[in-house]
Amino acid sequence: MKKYHCQEITENLLNKEIRLSGWVSKRRDHGGIIFVDLRDYTGIVQLVFNPEDKELFLKAESIRSEFVIEVKGIVSDRLEGTINNDLITGKIEIIVSSLRILNKAETPPLKINDDNVNEDQRLQYRYLDMRSDKMQKTMRFRSKLIQVIRNFFYSKEFVDVETPILTKTTPEGARDYLVPSRVHPKEFFALPQSPQLFKQTLMIGGMDKYFQIAKCFRDEDLRSDRQPEFTQLDVELSFTDEEEIIQLIEELFALIFKDVMNHSDNLNFQRMSFTDALKNYGCDKPDLRNPLILKDIKKLVKEVDFKVFSDHVDNTNSRIVALKVPGGTSLSRKDIDNLTESVKQFGSKGLAYFKCEDISDIENGITSPIKKFLNTTVIKSILDEVTASNGDLIFFSADSMDIVNSSMSALIKELGARLNLLSEGWKFLWILDYPLFEKDGEGKPTSIHHPFTSPMDTSDLKEKNIYDIPSRAYDLILNGNEIGGGSIRIHSKEVQMKIFELLNISAEEMNKKFGFFLDALSFGCPPHGGIAFGVDRLVMLLLGLDSIRDTIAFPKTQSSSCLLTDAPSSVDEKQLSELSINIIKSVK
RNA sequence: GGGGGUGUAGCUCAGCUGGUUAGAGCGCCUGCCUGUCACGCAGGAGGCCGAGGGUUCGAGUCCCUUCACUCCCGCCA
């Protein structure tokens with residue numbers, strides 16, 4: 001007898017005897033008749049137990065929620081008036097002739113498909129949570145996405161190569177997860193932060209088109225969109241350039257949207273320079289659905305005798321911006337106070353603003369706590385600069401470049417969401433022309449992308465100011481989220497050593513940490529480049545989920561533990577001594 | 001490392017300015033019920049109020065410490 005899934009039972013099977021198995025979603029016992037909703041991943045179908053068969057009926061009385069059962073029965077029309085239009089299978093039911101209880105179940109601690117359960121409960125009982133429609137849909141979507149991605153790259157003759165999980169620690173970047181070596185006491189493997197050096201080494205090895213769905217590990221603090229272990233789609237090609245990679249990836253996303261998202265319209269990919277992104281949006285991942293943009297007004301306020309502005313007028317590392325919010329006068333004083341409070345976490349000291357009630361009457365039509373510092377000419381020039389209309393609110397921020405950018409980009413995001421300013425749809429954006437280096441917290445140069453990124457022109461390395469050297473890096477942004485990034489790489493040993501040198505990595509350290517790679521570069525490395533995408537984050541975005549955890553079967557909590565298995569856990573002394581490890585006794 | 005939020009029954013939550021015996025809905029158990037699908041009706045069980053300490057005649061409620069979960073800043077080449 002053929003086996004079916006619940007949702008496959010339709011009128012086509014009327015009067016046929018079928019076999020079905022699944023979980024008991026609900027039992028409704030009317031004394032003389034028992035209904036059971038049987039559930040599998042496809043959905044629900046109603047079973048009917050009639051009292052004529054006493055043994056069968058008795059057994060049906062004993063079943064409870066989440067029992068695993070197998071039934072045989074006849075697919076029947078529902079009686080007049082008992083059709084349930086809320087169920088796809090609501091026109092039929094199964095009159096059960098035999099029941100096997102394959103397994104009992106304790107009363108579950110959470111209800112399947114109850115979307116109002118706390119996440120720690122869901123993670124502790126992930127196997128129950130996973131029975132829900134939502135998790136089933138997400139995990140199957142993810143699988144389909146990966147299938148489409150793999151097929152795309154196979155069809156283009158890319159080679160899928162697995163790279164090591166036990167590898168070498170790297171000096172830059174995130175904290176490594178370390179694995180002690182038993183065979184080599186006092187030495188450690190590191191889990192890969194990404195397969196970067198391996199994929200470049202594959203290029204040197206003549207694997208001219210490579211891709212991998214790769215697990216990556218970074219021991220840093222978590223966020224709703226960051227897990228310590230995550231999945232990357234990793235891609236690398238030899239003899240390539242930016243344009244070929246961009247075309248390849250746009251083609252991939254066209255396929256993903258067609259086959260996985262059932263999205264028929266053409267996708268819209270725009271491009272923007274890193275400089276323009278920072279200038280207009282204060283960040284390198286603007287959401288193009290959001291119409292709000294920043295306007296620099298330093299020139300307009302240079303004569304203004306107002307300390308908040310004048311402190312920054314002559315500082316080249318400072319920015320003074322205006323942000324016009326159309327219809328923003330609807331924000332209450334309390335709303336504005338809350339927004340002011342929320343930008344403070346980025347180091348901003350406050351938010352000044354104009355309320356534009358009547359822009360033709362600057363005397364009375366513009367209200368602002370800072371109006372007394374500004375003359376009519378300055379106010380007028382600001383209104384012109386942002387092309388203000390009646391009903392607009394204009395926020396001002398003056399501070400160091402970093403603080404203005406981070407606080408105002410957050411404000412743009414917040415206002416866009418709160419005032420419903422976002423347009424519909426999917427906005428892809430390539431960010432190009434990144435500089436090679438930026439200053440780190442200690443004022444030292446650090447790679448914006450990573451130290452294997454090629455400069456646009458190698459002669460710049462000698463001639464230009466280190467922070468003005470353009471790189472060949474690119475990022476792909478989708479609706480304000482970074483989904484991937486890559487670069488054309490350095491393929492010359494000399495250039496690579498020069499970059500390390502600029503990063504203050506000593507010859508000795510270079511040799512110790514990257515010696516193998518520098519050697520490899522010297523044996524005929526083809527020009528190459530690539531890109532990597534965060535698969536978990538992509539699934540989250542495409543499905544509109546709030547957290548990356550919902551896209552991962554067994555995710556970690558914010559403190560990097562697994563509530564299902566209770567990992568991490570302490571280990572036996574014996575295990576430790578085999579690894580030559582002593583636990584430092586905590587002073588506390 | 002820092003800031004915010006949450007923690008009370010199996011689950012989701014209420015519990016005011018400290019005051020008798022800590023509540024609700026759902027779930028669970030028992031009984032009744034032949035057309036329900038949020039089944040219904042009757043009855044019942046279930047709590048170390050996250051943990052530890054303190055203030056008080058008295059603490060779920062106030063104070064301190066700590067743990068867990070969560071959002072954010074730092075961090076994430």
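Keep in mind that this is a model prediction, so the values were computed, not measured. Chain letters run A, B, ... following the sequence lines, proteins first, then strands; residues in each count from 1.
Note on A:N118: a side-chain N or O is less than 4.0 Å away from OP1 or OP2 of B:U12.
For A:K513, the NZ atom counts as densely surrounded, since its 6.0 Å shell holds more than 12 non-hydrogen atoms of other residues, nucleotides or ligands.
The pair A:E442-A:K444 meets the salt-bridge criterion, with a side-chain N (NZ, NE, NH1 or NH2) lying under 4.0 Å from an Asp/Glu carboxylate O. Using a 4.0 Å cut-off between charged nitrogen and carboxylate oxygen, A:D234 and A:K199 count as a salt-bridge pair.
Searching all strands for a Watson-Crick or G-U wobble partner of B:G18 with both distances below 3.5 Å returns nothing.
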Contact state string [nucleotides 72-77 of chain B, B base, S sugar-phosphate only, - no protein heavy atom under 4.0 Å]
SBBBBB
Chi angles and distances behind the side chain to side chain contact (heavy atoms under 4.5 Å, CB included) call for A:T42, A:E8:
CA-CA 8 Å; A:T42 64; A:E8 292 168 345; 5.9 Å; no
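Among the atoms of the strands shown, only primed sugar atoms or phosphate atoms (P, OP1, OP2) are found under 4.0 Å from some heavy atom of A:S561. In this structure, A:R122 reaches neither bases nor backbone, as no heavy-atom distance under 4.0 Å exists between it and the strands shown. Note on A:P51: a base of the nucleic acid sits closer than 4.0 angstrom, heavy atoms only. Using a 4.0 Å heavy-atom criterion, one finds that A:N116 contacts the sugar-phosphate atoms exclusively. Counting non-hydrogen atoms under 4.0 angstrom, A:L110 reaches nothing in the nucleic acid.
The listed nucleotides are B:C69, B:C71, B:U36; the one nearest the side chain of A:R549 is B:C71. Residue A:T82 has its side chain nearest to B:U36 when only B:U30, B:U36, B:C11 are considered. With B:U34, B:C69, B:C11 as the candidates, the nucleotide lying closest to the side chain of A:D120 is B:C69.
By the criterion of a centre-to-centre distance under 5.5 Å and near-parallel planes under 30°, the ring of A:H30 forms no stack with the base of B:U36.
Within the 6.0 Å centre-distance limit, the rings of A:F452 and A:F514 are counted as a close aromatic pair.
Using a 4.5 Å heavy-atom cutoff, the side chains of A:L128 and A:I112 are in contact.
In this structure, CZ of A:F35 is placed 16 Å from P of B:C33, rounded to the nearest angstrom.
For A:R78 and B:U36, a side-chain-to-base donor-acceptor distance below 3.5 Å is present, hydrogens and geometry of angles not being considered.
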